[in-house]
Amino acid sequence: MRRKNRADLFAEATSRGNFDEMPILELGIDPQLHLSRNEVAQPFFLICEHDCVLVQMSGSARIEFRDASVNYFDLVLGDFVYVPGGTPHRLLPREASVHLRYKADDPGLEAVAWFSEETGKEISRVTFDCATELPQEGYLRACELFNATSSMRTCPATGAMLPPIDLTPFNWQALAQDISASEKSERERAAKRGLSFAAPKPRADRTFRAPPTHTEPLRVNIYDAVRSATTQLNPLFPYLGAGCIVPCSAMHDPEFKGTMGYFLHENTQQEVNVCFGARSSFRAPGQVFVGPLHHGVGDKPSPDDDHAGDKHGVGERPGNGDRADMIAIAVITQRQAIDTPQREAFSIICAKCDTELHRYPYDAHDFPDAIETNDPVLIGLPTITQDAFIVEQINRDPAMRTCKSCGHLNAPFPTQYWGWADYRRRTHVVVQARKTMIEAAAKTAAPAPVA
């Protein structure tokens with residue numbers, strides 16, 4: 001299978017099987033998407049060194065955890081599950097299900113493990129380095145070793161023995177060959193264009209690094225989340241630190257919400273966009289794409305502009321008569337940078353001549369206003385508030401909207417469509433309200449006054 005940055009996940013799923021974990025996107029995309037179509041129970045608990053996110057794309061299933069704050073979640077269409085690095089977990093489909101897994105492009109170490117049904121304690125584990133062994137190769141090697149070694153299947157506390165694994169439902173050997181061939185071809189094509197992909201560095205040890213942030217398993221359904229979201233690009237989980245995978249929701253309904261407007265966005269991190277339902281849209285349900293790091297967003301007035309090829313896909317052209325009833329729900333996901341600067345920028349261009357009117361660069365971790373906290377959970381996603389901050393200035397200053405090339409005075413940007421100002425204001429209210437709560441609670445700790 002040739003990996004590509006635009007794909008129909010449901011079409012791809014027809015050729016996928018049980019726990020294929022087939023990488024979909026091109027080399028170098030972080031986070032990477034892995035696709036499976038599962039009908040049988042996962043024959044082991046998977047442990048990933050880095051955080052990952054699992055998505056129920058169709059059907060229903062249960063995800064079980066070990067050594068975690070929760071035992072399981074029951075999954076239905078649209079469920080996103082955040083799995084912290086180092087957490088053993090396995091999927092148990094209740095019916096044929098399509099699953100997506102967001103993982104780090106460089107996954108580091110992974111392991112498969114088995115646990116006693118009686119005690120819940122780990123019986124055995126096989127760890128492998130994804131820099132030298134594909135996950136599918138690791139799965140197969142570990143399961144064959146498990147089947148051939150009775151001690152790996154025996155609970156030391158009870159003497160009970162787990163049954164051997166039936167490997168007929170899995171196609172990991174052929175998959176590994178396919179993935180290796182695909183990656184080789186992609187590297188050769190890149191070399192012809194003068195490009196290269198840095199190969200992950202093998203690890204001398206087999207000890208998992210501690211996750212960079214404190215997280216626990218969480219589940220959010222995208223359809224529930226969108227209904228209550230106040231903004232576009234609303235994070236599904238409160239995990240925004242280095243190395244975290246950050247899926248964000250977007251909903252488009254221009255018939256009700258009005259004009260989208262158009263802007264350019266730059267990001268040092270890739271953004272993976274998956275459509276979770278659309279009507280009268282150029283996007284289709286189950287479609288995934290990754291745009292360039294510098295891309296257009298929204299409704300570009302002119303279809304034959306310089307940025308048409310950069311259309312990010314979160315927007316549309318709602319003025320088209322055949323799209324008057326357009327709706328769309330999407331999840332845009334990035335993986336936060338580790339030990340490197342993460343920068344973004346917001347730009348607007350002249351609607352008449354395409355000249356850049358203003359470009360506002362910012363640090364993706366900085367809140368734009370004075371705020372009485374440095375708690376990243378309370379601050380939320382700074383991208384939203386940074387965009388709200390600059391749009392507020394642009395809208396109240398006609399000089400910032402006047403094109404220096406053609407003299408055209410551009411209309412104010414329709415910030416109400418995106419909801420950024422609401423998110424920014426709510427962030428301030430949350431911080432202030434929490435402070436008053438802490439102050440009130442502190443009074444209960446003080447000794448009662450003597451009468």
Side-chain angles (χ1 to χ4, degrees), residues 1 7-24 32-48 52-66 68 70-83 87-103 112-115 117 120 135-136 139-140 143 162-172 174-175 217-227 236-237 245 247 249 272 274-279 283-288 329-331 333:
M1 169 188 162
D8 181 335
L9 294 174
F10 289 127
E12 297 288 348
T14 59
S15 59
R16 299 275 59 88
N18 292 297
F19 305 100
D20 281 3
E21 296 282 343
M22 192 71 175
I24 296 296
Q32 180 59 247
L33 273 187
H34 300 259
L35 183 66
S36 300
R37 183 167 54 86
N38 302 316
E39 299 184 52
V40 302
Q42 196 166 13
F44 46 71
F45 282 82
L46 179 63
I47 309 168
C48 301
C52 65
V53 172
L54 278 166
V55 186
Q56 188 81 22
M57 296 289 290
S58 72
S60 60
R62 171 171 286 192
I63 182 170
E64 292 185 343
F65 301 96
R66 294 289 186 269
V70 297
N71 293 326
Y72 66 86
F73 291 130
D74 288 325
L75 307 180
V76 296
L77 172 64
D79 275 342
F80 280 65
V81 177
Y82 202 99
V83 182
T87 304
H89 59 286
R90 69 170 175 176
L91 282 165
L92 306 173
R94 291 180 166 169
E95 57 186 321
S97 298
V98 174
H99 290 110
L100 272 184
R101 184 188 298 272
Y102 292 79
K103 281 172 49 174
V112 298
W114 293 270
F115 291 77
E117 298 291 345
Q136 294 77 5
Y139 302 162
L140 180 59
C143 289
L162 295 174
I165 298 168
D166 177 10
L167 294 175
T168 56
F170 311 106
N171 194 35
W172 292 321
L175 282 168
L218 290 178
R219 176 190 57 186
V220 173
N221 188 278
I222 178 58
Y223 304 109
D224 290 340
V226 162
R227 179 166 46 215
L236 299 187
F237 301 104
I245 294 175
S249 68
V272 178
V274 178
C275 177
F276 279 83
R279 181 185 67 203
R283 296 298 170 197
Q287 188 176 54
V288 60
I329 290 177
V331 174
T333 304

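For the numbers below, each heavy atom of this structure counts, side chains included, while hydrogens, waters and symmetry mates do not.
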- Message: Within the structure provided, determine whether C143 and L167 are in side-chain contact (heavy-atom separation under 4.5 Å).
- Response: yes

- Query: Can you check whether L100 reaches L35 side chain to side chain, under 4.5 Å on heavy atoms?
  - Reply: yes

- Task: Verify whether the ring centers belonging to F170 and Y139 lie closer than 6.0 Å.
- Result: no

- Using atom types as modelled and distance alone, determine if a side-chain donor or acceptor of W172 lies under 3.5 Å from a backbone N or O of P135. no

- Heavy atoms only: give me the nearest F10-S58 pair and the separation to one decimal. CE2-CB, 4.5 Å

- Message: For a side chain to side chain contact (heavy atoms under 4.5 Å, CB included) check, start with the C-alpha distance between S249 and L236, then their side-chain angles and the critical distance, and finish with the verdict.
- Response: CA-CA 7 Å; S249 68; L236 299 187; 4.0 Å; yes

- Message: Treating E21 as the side-chain partner and Q136 as the backbone partner, does any N or O pair qualify as donor plus acceptor under 3.5 Å?
- Response: no

- Could you go step by step and tell me if E39 and N18 meet the side chain to side chain contact (heavy atoms under 4.5 Å, CB included) rule? CA-CA 6 Å; E39 299 184 52; N18 292 297; 3.9 Å; yes

- Examine the side chains of E64 and H89 and answer whether a donor and an acceptor come within less than 3.5 Å of each other. no

- Task: For the pair N38 (side chain) and S97 (backbone), establish whether a donor and an acceptor sit closer than 3.5 Å, ignoring hydrogens and angles.
- Result: no

- Message: Side chains of V274 and L33, heavy atoms from C-beta outward: is any pair under 4.5 Å?
- Response: yes

- Item | Derivation of the side chain to side chain contact (heavy atoms under 4.5 Å, CB included) call for L162 and E117 | CA-CA 8 Å; L162 295 174; E117 298 291 345; 4.1 Å; yes

- Message: Applying side-chain hydrogen bond (donor to acceptor under 3.5 Å, both in side chains), can you list everything that pairs with N221, at least two apart in sequence or on another chain?
- Response: D79

- ring pair (Phe, Tyr, Trp, His ring centres under 6.0 Å) with F65: of F73, F45, Y72, only one passes, and it is F73

- Counting distance only, does the side-chain N/O of R37 pair as donor-acceptor with the main-chain N or O of R16 below 3.5 Å? yes

- Task: Could I get the full list of ring pair (Phe, Tyr, Trp, His ring centres under 6.0 Å) partners for F276, not counting sequence neighbours?
- Result: F80

- Message: With side chain to side chain contact (heavy atoms under 4.5 Å, CB included) as the criterion, how do I329 and I222 come out once you've worked through the C-alpha distance, each side chain's angles and the decisive distance to 0.1 Å?
- Response: CA-CA 9 Å; I329 290 177; I222 178 58; 4.0 Å; yes

- d(L91 CG, Q56 CD) to nearest 0.5 Å is 7.5 Å

- Message: Let me confirm one number: the CD-SG distance from Q287 to C275, rounded to the nearest 0.5 Å.
- Response: 7.0 Å

- Using atom types as modelled and distance alone, determine if a side-chain donor or acceptor of S36 lies under 3.5 Å from a backbone N or O of D20. yes

- Query: Considering only heavy atoms from C-beta outward, does the side chain of H99 approach that of I63 to under 4.5 Å?
  - Reply: no

- With sequence neighbours excluded, tell me which residues meet salt bridge (Lys or Arg N to Asp or Glu O under 4.0 Å) with R94. D74

- Message: Could you measure the distance from the CE atom of M57 to the CG atom of L75? Nearest 0.5 Å is fine.
- Response: 13.5 Å

- State, to 0.1 Å, how close I47 and A113 come at their nearest heavy-atom pair, and which atoms those are. CD1-CB, 4.0 Å

- Task: Return the minimal non-hydrogen interatomic distance between Y102 and V55, and the atom names on each side.
- Result: CE1-CG2, 3.6 Å

- Message: Please give me the minimum heavy-atom distance between A13 and V98, naming the atom from each residue.
- Response: CB-CG2, 3.9 Å

